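Right, one structure below, let's go through it.
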Amino acid sequence: MRLSVLDRSHVGLGLSPQQALRDTVRFAQQVEELGYHRFWVAEHHSVPGVAGAAPTVLAAAVAAATSRIRVGTGGVMLPNHQPLVVAEQFGVLGSLFPDRIDVGLGRSVGFTDGIRRALGRGKEAADGFGDQLAELLGYLDGRSASGVHAVPAEGLDLPVLLLATGTGAATAAEFGLPLVIAAAHGDDRMIRTIEEYRANFRPSTRAAEPYVVLARSIAVAETTERARRLLVPEAWATAYSRTHGEFPPLEAPEEILARSMSDRQRAQFERALRGHLFGTPDEVATGLERLAARTGADEVLVTTTAHDPADRLDSYRLLSTLQQVPGHVIPVGSAAATRTPTTA
């Protein structure tokens, strides 16, 4: 399996969103040196603990600061935007950074009524995702029925991948596009969705066969307990968001673990610590093997959100040093892991 990176530009407590964005660019340079296949950024609006709000702008900064790693979005939420504008933005990116840009798309809309009003979109905007996607692909391929052209995009090879949010997996199968999926509702449901995607996949000019990118939180450290502690800041922020409706900046794990929590907070915190892959390099390698056997995934999009950037980088460095043996994960620095597949 290829290994890639998703970074949401999380904000640490006491730090600024501006610093978080600059850290994302530096982090992309570091993981490129480790040989990861691609680096993606995300779209979140009005979230205190997440600075990543304009993914195509941030992707441009990342691509300019790197030279080999593929750069993309995980993803641009298409219902929030006009398809023509999205096509033009990626066309500019693809023109400036040839053969390195991925178009990662999702169908989510703003999380609150206030955000949706600010974006000029209602909840119903997601219902038209299929039509929006068809319009966007028409612009990218230079075959728009309206006669309007996304001039910078025409003639470029811009891989399009869909997030499985909502009906995204079914849409990816219908349009013949690679799928990016996480276990938001548990591995069993995720695997059923992957099986349905493969069964219903219609080959297209963009992908001759299904291609599955599995998004998974992974933490690697010298000991199992240290790896688990890397997960604590985001787990607490997630628990806090579920009880207060707001995802806060990340705090240090020792402060969180020493905190007195209500029963509800404790339950949400423990719940947020489930479903991750963490441990020593050997433990994580074994976990990845099992995950590959269960899902048949072609690629893993790794997220590691530690409070300390040095701890996060160490986790990715340890993950990148997994040895290549039969049946094991391919080292990200190998030729097999860094080539660009025809489907993605």
Side-chain angles (χ1 to χ4, degrees), residues 1-4 6 37-38 40 70-79 83-84 86-87 90-91 93-94 98-107 126-146 149-150 153-183 189-216 291-301 330 335-344:
M1 289 189 296
R2 298 176 182 90
L3 296 179
S4 298
L6 171 65
H37 178 56
R38 61 177 113 231
W40 278 12
R70 296 194 64 83
V71 178
T73 55
V76 165
M77 297 301 137
L78 190 53
L84 174 62
V86 174
F90 279 101
L93 284 170
D99 302 318
R100 292 181 57 206
I101 300 300
D102 301 323
V103 184
L105 303 172
R107 66 181 296 276
D127 297 336
F129 181 66
D131 292 338
Q132 296 161 351
L133 177 61
E135 183 180 350
L136 172 62
L137 293 177
Y139 292 132
L140 294 178
D141 296 338
R143 52 174 178 77
S144 172
S146 68
H149 294 268
E154 293 184 356
L156 298 180
D157 180 14
L158 290 167
V160 177
L161 302 89
L162 293 193
L163 278 60
T165 308
T167 60
T171 304
E174 177 186 354
F175 282 81
L177 298 173
L179 175 70
V180 184
I181 187 168
R189 182 168 171 179
M190 177 188 70
I191 291 169
R192 288 196 300 271
T193 300
I194 291 174
E195 290 172 348
E196 292 169 359
Y197 161 73
R198 291 193 174 112
N200 297 320
F201 184 86
R202 299 178 183 176
S204 70
T205 57
R206 291 184 169 273
E209 57 188 25
Y211 188 90
V212 175
V213 181
L214 180 61
R216 180 59 59 109
L291 200 59
R294 291 194 69 195
T295 65
D298 301 282
E299 180 176 341
V300 177
L301 186 65
I330 298 174
T338 55
R339 68 177 183 267
T340 302
T342 57
T343 57

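Quick caveat, the model's predicted, so the values are computed rather than measured.
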Q.
Taking side-chain contact (heavy atoms from CB on, under 4.5 Å) as the definition, give me every residue that meets it alongside A297, ordered by chain and number, with sequence neighbours left out.
A. M1, V212, L214, T295

(Q) With rounding to the nearest 0.5 angstrom, report the CG to OG distance, L84 to S144. (A) 8.0 Å

Q: Check T193 against A169 and note the closest heavy-atom contact, atom names and distance.
A: CG2-CB, 3.4 Å

Q | Rounded distance [0.5 Å steps], CG in L162 versus CG in L179 | A | 7.5 Å

Q: Determine the minimum heavy-atom distance between A153 and A87, stating which atoms define it.
A: CB-O, 3.6 Å

Q) From E154 CD over to H149 NE2, what is the distance, rounded to the nearest 0.5 angstrom? A) 5.5 Å

Q) What distance do T171 atom OG1 and L105 atom CG have between them, rounded to the nearest 0.5 Å? A) 11.0 Å

Q: Could you pull out all residues at least two apart from Y197 that satisfy ring pair (Phe, Tyr, Trp, His ring centres under 6.0 Å)?
A: F201

Q: For side-chain contact (heavy atoms from CB on, under 4.5 Å), just list the numbers for V213 and W40, CA-CA rounded to whole Å, side-chain angles, deciding distance to a tenth of an Å, and then say yes or no.
A: CA-CA 12 Å; V213 181; W40 278 12; 5.8 Å; no

Q) Do V160 and F90 pass the side-chain contact (heavy atoms from CB on, under 4.5 Å) test, and can you show the C-alpha distance, the side-chain angles, and the key distance before you say yes or no? A) CA-CA 10 Å; V160 177; F90 279 101; over 6 Å; no

Q | salt bridge (charged side-chain N to carboxylate O under 4.0 Å, His left out) against R107, all qualifying residues, sequence neighbours excluded | A | none

Q.
Within this structure, what is the CE-CG distance for the pair M190 and L291, rounded to the nearest 0.5 Å?
A. 5.5 Å

**Q.** Residues forming a side-chain hydrogen bond (donor to acceptor under 3.5 Å, both in side chains) with E195, sequence neighbours excluded
**A.** none

(Q) List the residues meeting side-chain hydrogen bond (donor to acceptor under 3.5 Å, both in side chains) with T205, not counting sequence neighbours, and say none if there are none. (A) none

Less than 3.5 Å apart, which donor and acceptor atoms pair up between the side chains of residues 135-143 and the rest of the protein, not counting sequence neighbours?
unit_1: E135; atom_1: OE2; unit_2: Y139; atom_2: OH; d: 2.9
unit_1: D141; atom_1: OD1; unit_2: R206; atom_2: NH2; d: 2.8
unit_1: D141; atom_1: OD2; unit_2: R143; atom_2: NE; d: 3.4
unit_1: D141; atom_1: OD2; unit_2: R143; atom_2: NH2; d: 3.3

Q) With N200, which residues qualify under side-chain contact (heavy atoms from CB on, under 4.5 Å), at least two apart? A) A173, E196

**Q.** Backbone N/O of G104 and side chain of T73: donor-acceptor pair under 3.5 Å
**A.** yes

(Q) In the structure I gave you, are the side-chain heavy atoms of L133 and L177 within less than 4.5 Å of one another anywhere? (A) yes

**Q.** Heavy-atom closest pair, residues A172 and P178
**A.** CB-O, 4.3 Å

Q) Which residues satisfy the side-chain hydrogen bond (donor to acceptor under 3.5 Å, both in side chains) test with R294, sequence neighbours excluded? A) D188

**Q.** Minimum heavy-atom distance I101-R70, with the two atoms named
**A.** O-NH2, 3.2 Å

**Q.** Atom pair CD1 (I181) and CD1 (I194), whose distance is rounded to the nearest 0.5 Å
**A.** 5.0 Å

Q.
Using every non-hydrogen atom in the two residues, find where F129 and G106 come nearest and quote the distance to one decimal.
A. CE1-O, 3.4 Å

Q) If every non-hydrogen atom of P83 is compared with every non-hydrogen atom of L78, which pair is closest and at what distance? A) CA-CD1, 4.4 Å

